[in-house]
Amino acid sequence: MIGHLNLILRLTIWFLLTSDFSLANIIIGVSVALLLPGRQKVPESLKDWLRVLGEVIVAIPQAYIEAIEIIFRPHLHEDMIMERVKPQRTPGLVFLDIFLITFTPKTIVLKYQKDGSYAVHRITRRKKS
């Protein structure tokens, strides 16, 4: 069985994809969330989930600021960096971390490595020396 927070994450993604809160869609969404394959139980910290959800809330205005900045001050340089996954992260928290990076206009995750890192492409105003 899946954890409560993973069920909520799956339902949230379902409702974001369908944009429909009818009774039939809610039943389908709950069914899909429960039928998707689970994983081994890994203890999840509520503190980690709340911290990541706080970061999501902060990322929304940051995304608007970055978009406006790109419009008025073009970013002509780009680079690739490798970021490590924070220790003891569950797959749901890793997904939210990747979502946060990709949500902002200046960065996007290109590839997640099984060794616990991901390649991030970002644009900058100046070339790093």
Side-chain angles (χ1 to χ4, degrees):
M1 193 68 184
I2 61 174
H4 292 69
L5 294 174
N6 282 327
L7 179 66
I8 292 169
L9 177 64
R10 289 176 179 186
L11 284 173
T12 302
I13 292 169
W14 176 261
F15 291 130
L16 285 173
L17 288 172
T18 61
S19 300
D20 181 14
F21 290 103
S22 67
L23 180 61
N25 193 53
I26 292 171
I27 292 170
I28 293 169
V30 170
S31 301
V32 167
L34 291 174
L35 290 175
L36 284 173
R39 56 181 170 72
Q40 285 76 20
K41 279 290 191 186
V42 177
E44 297 174 328
S45 170
L46 183 61
K47 185 175 99 174
D48 288 338
W49 276 90
L50 291 175
R51 186 184 56 75
V52 170
L53 292 177
E55 290 175 7
V56 168
I57 291 170
V58 169
I60 294 170
Q62 177 185 350
Y64 280 103
I65 291 168
E66 287 183 9
I68 292 169
E69 186 176 300
I70 291 171
I71 291 170
F72 292 111
R73 298 171 53 203
H75 291 52
L76 303 175
H77 302 285
E78 55 186 76
D79 60 347
M80 293 279 297
I81 59 171
M82 294 298 289
E83 286 194 17
R84 302 278 311 155
V85 173
K86 295 175 181 114
Q88 299 172 344
R89 298 297 259 191
T90 63
L93 291 174
V94 171
F95 169 79
L96 286 176
D97 287 339
I98 291 172
F99 171 77
L100 279 172
I101 293 170
T102 304
F103 184 72
T104 56
K106 291 184 181 183
T107 57
I108 187 166
V109 174
L110 297 177
K111 185 172 184 176
Y112 174 72
Q113 308 287 338
K114 293 292 181 187
D115 68 349
S117 63
Y118 29 78
V120 178
H121 176 268
R122 68 178 179 185
I123 58 172
T124 57
R125 288 208 22 91
R126 295 188 186 96
K127 191 167 194 128
K128 301 288 181 193
S129 51

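Position 1 is the first residue of the sequence, and the numbers go up from there.
Residues forming a salt bridge (charged side-chain N to carboxylate O under 4.0 Å, His left out) with Glu69 (at least two apart in sequence, or on another chain): Lys106. Ala67 is linked by a side-chain contact (heavy atoms from CB on, under 4.5 Å) to Pro105, counting only residues two or more places apart in sequence or in another chain. Partners of Phe103 by ring-ring contact (aromatic ring centres under 6.0 Å, His included), not counting sequence neighbours, listed by chain and number: Phe99. The side-chain contact (heavy atoms from CB on, under 4.5 Å) search around Gln62 returns Glu66, Thr104, not counting sequence neighbours. In this view, Arg51 and Glu55 satisfy the salt bridge (charged side-chain N to carboxylate O under 4.0 Å, His left out) rule, not counting sequence neighbours. Partners of Glu78 under the side-chain contact (heavy atoms from CB on, under 4.5 Å) rule, at least two apart in sequence or in another chain, are His121, Ile123. Take Ile71 and apply the side-chain contact (heavy atoms from CB on, under 4.5 Å) test, not counting sequence neighbours, and it matches no residue.
Taking CZ from Arg84 and CD from Gln113, the interatomic distance works out to 10.0 Å, rounded to the nearest 0.5 Å. Atom OG1 of Thr102 sits about 10.5 Å away from atom CG of Asp97, to the nearest 0.5 Å.
Cluster annotation: Leu53 and Ile57 are assigned to distinct hydrophobic clusters (Ile/Leu/Val/Met/Phe/Trp/Tyr, side-chain heavy-atom contacts under 4.5 Å, transitive).
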Acceptor/donor pairs from residues 12-36 side chains to any protein atom, 3.5 angstrom cut, sequence neighbours excluded:
from	atom 1	to	atom 2	distance (Å)
Thr12	OG1	Ile8	O	2.7
Trp14	NE1	Asn25	O	3.4
Trp14	NE1	Asn25	OD1	3.3
Thr18	OG1	Trp14	O	3.0
Thr18	OG1	Asn25	ND2	2.9
Asp20	OD1	Ser22	N	3.1
Asp20	OD1	Ser22	OG	3.4
Asp20	OD2	Ser22	OG	3.2
Ser22	OG	Asn25	N	3.3
Asn25	ND2	Asp20	O	2.5
Ser31	OG	Ile27	O	2.8

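Between the His75 side chain and the Arg73 main chain, a donor and an acceptor come within less than 3.5 Å of each other.
Its side chain within the 4.5 Å cluster rule, Val94 clusters with Ile81, Val85, Ile98, Ile101, Val109, Tyr112, Tyr118, Val120 among the Ile, Leu, Val, Met, Phe, Trp and Tyr residues. Cluster partners of Ile108, using a side-chain heavy-atom cutoff of under 4.5 Å among ILVMFWY residues and allowing indirect links, are Met80, Leu110.
In terms of heavy atoms, Ser117 sits closest to Met82 at OG-CE, 3.5 Å.
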